[in-house]
Number of protein chains: 2
Amino acid sequence: MPHAPRPRGPKPIRMDPDRILDAAQEVFARDGLRAASLRAIAKQAGCDPALIYYHFDSKEAMFTALLARRFPPILQELEVVAEPGDPRSTALRLWEVVRIYHRHLKADPAIRSLIRGEIVRGAEGLSGLIEVRIRPIVMAIRSILDQGISRGDLRADLHTLLGTFFLARMHLEILDLLPTVLPRLMGLPHDQAVETGLHVWFDLYWRGIARDPLAPLPPLPELAADPIAIKETHP
Amino acid sequence: MPHAPRPRGPKPIRMDPDRILDAAQEVFARDGLRAASLRAIAKQAGCDPALIYYHFDSKEAMFTALLARRFPPILQELEVVAEPGDPRSTALRLWEVVRIYHRHLKADPAIRSLIRGEIVRGAEGLSGLIEVRIRPIVMAIRSILDQGISRGDLRADLHTLLGTFFLARMHLEILDLLPTVLPRLMGLPHDQAVETGLHVWFDLYWRGIARDPLAPLPPLPELAADPIAIKETHP
DNA sequence: CGCATGATTCAACATTCGTTGAATTGGATC
DNA sequence: GATCCAATTCAACGAATGTTGAATCATGCG
């Protein structure tokens with residue numbers, strides 16, 4: 001845990017805990033939560049492994065700190081789109097969800113790897129915290145689907161919780177698997193794989209949930225527009 | 001590797017390599033590929049860790065042996081359904097794919113965990129083998145989609161490779177995440193979560209790919225009918 | 001300067017891991 | 001019964017892991 005706030009002074013702290021988190025994020029992304037070693041994280045951060053224990057209580061605490069700085073911004077943006085007064089069409093709002101999700105998670109395989117792998121294990125340890133972080137996100141997206149039904153844009157018999165699950169989960173799979181699978185299975189380059197994958201997916205998904213599946217989608221804004229401020233640490 | 005074939009005799013071999021694989025499958029399923037220890041596998045199998053090295057060359061070799069006995073049966077059943085002469089409707093054939101997939105993978109979280117986690121890492125080590133195993137499966141399902149377009153059952157602009165990806169991947173997610181997520185997010189019991197999840201998913205997916213999304217689905221056979229012979233080792 | 005205190009490093013701990021070589025068991029064959 | 005050999009166990013190796021307590025460094029304040 002960071003100590004007392006420093007009153008003044010040029011730069012007495014050489015290693016900001018955030019720099020350690022950056023390193024941790026990268027190593028977690030590369031090796032996965034379990035296989036990532038504190039020594040590798042320390043090496044990435046350019047400090048001693050023991051220093052990590054000065055700033056964080058444990059490896060797990062460091063990870064929850066990672067969650068704590070990643071999820072709230074996502075939730076905040078989602079809640080804006082989920083505002084019941086939002087005048088945009090349901091299709092556009094859902095596409096906006098995809099864009100938010102995309103911007104925040106594209107450059108952070110560590111969080112994705114966690115969501116993918118660690119929730120499955122069940123109720124031990126981190127999972128409770130994850131639920132606390134993820135539930136509001138799920139509920140925000142779900143409320144858009146609920147509003148879509150009320151507005152008559154979506155089919156009335158849509159299972160909105162599962163609909164949310166499908167949308168969010170498949171997005172993660174597209175981010176994780178398509179860049180490595182599609183180039184091998186067909187000739188597509190990495191970036192284009194994700195781009196087309198998401199568009200094809202959204203089109204299929206929309207037909208699945210829309211009350212009028214054959215009505216053409218409105219023009220969708222670019223995915224890559226105004227990228228979020230995720231530190232891309234590739235030295 | 002198993003030694004020379006034994007000419008006769010009652011039961012000179014006490015520990016069948018398959019029994020070790022059964023144990024490995026269970027421990028891999030519980031702890032994941034990396035975290036599963038040979039000592040835990042040996043304990044589960046009721047033998048010494050060193051015995052594993054008598055029957056298998058390494059931990060990795062044991063895992064590829066696991067793949068080798070799990071994937072071919074799946075592929076074999078899928079290729080029957082993918083036969084171009086199959087008279088059933090495309091919807092029914094795809095539902096049959098779901099049932100096959102479901103029967104073989106429901107009780108084997110280890111393989112799912114592998115597919116989920118290990119492919120992402122890229123081209124190192126096991127991934128090549130996985131691709132060899134998985135590619136024919138993907139292609140079998142894809143050919144059903146291609147035939148569906150030719151027959152006029154599916155929309156002509158369907159991206160069949162991505163369509164296959166969506167179908168198969170979301171199925172895995174449903175098997176892995178719904179049993180732990182849905183009971184927490186709503187009140188659903190475990191088994192029912194997967195059951196309804198798969199039905200809702202297939203309905204949504206079909207509307208997404210069908211040429212006539214609003215035409216009602218034919219009655220779908222039960223998922224749980226004639227379960228496959230997967231040893232459920234829960235002592 | 002001297003000293004207190006936060007920041008960082010060093011060295012080591014107990015544990016667990018995958019793996020291996022030697023030793024032991026036990027049934028089949030002579 | 002002696003022998004052979006596959007099957008199994010025992011004990012240990014070296015490496016890697018999360019973690020910790022003591023020691024060291026560097027800076028701000030008196």
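Naming convention: chains lettered A, B, ... in sequence-line order (proteins, then strands); numbering from 1 in each chain.
- In terms of modelled atom types and a separation under 3.5 Å, the side chain of B/His104 and the main chain of B/Ile100 share a donor-acceptor contact.
- A/Tyr54 has a side-chain polar atom (N or O) that falls below the 4.0 Å cut-off from OP1 or OP2 of C/dA7.
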Which atoms of nucleotides 22-26 of chain C (N or O only) lie under 3.5 Å from a protein N or O atom, and what are those distances?
none

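- In the helix from C/dC1-D/dG30 to C/dC30-D/dG1, the end axes, each obtained as the rotation axis mapping the C1' atoms of four pairs onto the next four within a five-pair block, lie 10° apart to the nearest 10 degrees.
- Distance CG (A/Asp31) to P (D/dA16): 14 Å, rounded to an integer number of Å.
- Classification of the B/Tyr101-B/His171 ring pair by plane angle, with boundaries at 30° and 60°, yields tilted.
- Aromatic pair A/Phe166/A/Tyr205: ring centres not closer than 6.0 Å.
- Under the rule for a side-chain hydrogen bond (donor to acceptor under 3.5 Å, both in side chains), the partners of A/Glu96 that lie at least two apart in sequence or sit in another chain are A/Arg99.
- Rounded to a whole Å, the CE atom of A/Met62 is 12 Å from the C1' atom of D/dT19.
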Please produce a list of atom pairs where a protein N or O lies less than 3.5 Å from an N or O of nucleotides 19-21 of chain C.
residue, atom, partner, partner atom, Å
C/dT19, OP2, B/Tyr53, OH, 2.1
C/dT19, OP2, B/Lys59, N, 3.2
C/dT19, O5', B/Tyr53, OH, 2.7

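- B/Arg93 is linked by a salt bridge (charged side-chain N to carboxylate O under 4.0 Å, His left out) to B/Asp86, counting only residues two or more places apart in sequence or in another chain.
- At a cut-off of 3.5 Å, with distance as the only test, a side-chain donor of B/Arg69 or B/Gln25 sits close to an acceptor on the other residue.
- Heavy-atom distances to DNA chain D give each of A/Ala36 and B/Gly46 a nearest nucleotide, and the one nearer the 5′ end belongs to B/Gly46.
- Between B/Ile41 atom CD1 and C/dG18 atom P the separation is 8 Å, expressed in whole Å.
- For B/Ser37 and C/dT16, the shortest distance from a side-chain N or O to OP1 or OP2 is not below 4.0 Å.
- In plain terms, the two heavy atoms of A/Pro72 and A/Leu67 that are nearest each other are CD-O, 3.9 Å.
- Here B/Thr164 pairs with nothing under the side-chain hydrogen bond (donor to acceptor under 3.5 Å, both in side chains) rule; sequence neighbours left out.
- Distances shown here put a side-chain N or O of B/His55 below 4.0 Å from the OP1 or OP2 atom of D/dT8.
- The side-chain heavy atoms of B/Met62 and B/Leu38, taken from C-beta on, include a pair separated by under 4.5 Å.
- As a whole-Å value, the separation of A/Phe56 CZ from D/dT19 P is 13 Å.
- Atom CD1 in A/Ile52 sits roughly 12 Å away from atom P in D/dT17 (whole-Å rounding).
- Distance CG (A/Leu51) to C1' (D/dT24): 14 Å, rounded to an integer number of Å.
- Between the side chain of B/Arg70 and the main chain of B/Ile111, no donor-acceptor pair closer than 3.5 Å is present.
- No donor-acceptor distance shorter than 3.5 angstrom exists from the side chain of A/Lys59 to the backbone of A/Ser37, with no hydrogens or angles considered.
- The nearest whole Å value for the distance from the CZ atom in A/Phe63 to the P atom in D/dG18 is 14 Å.
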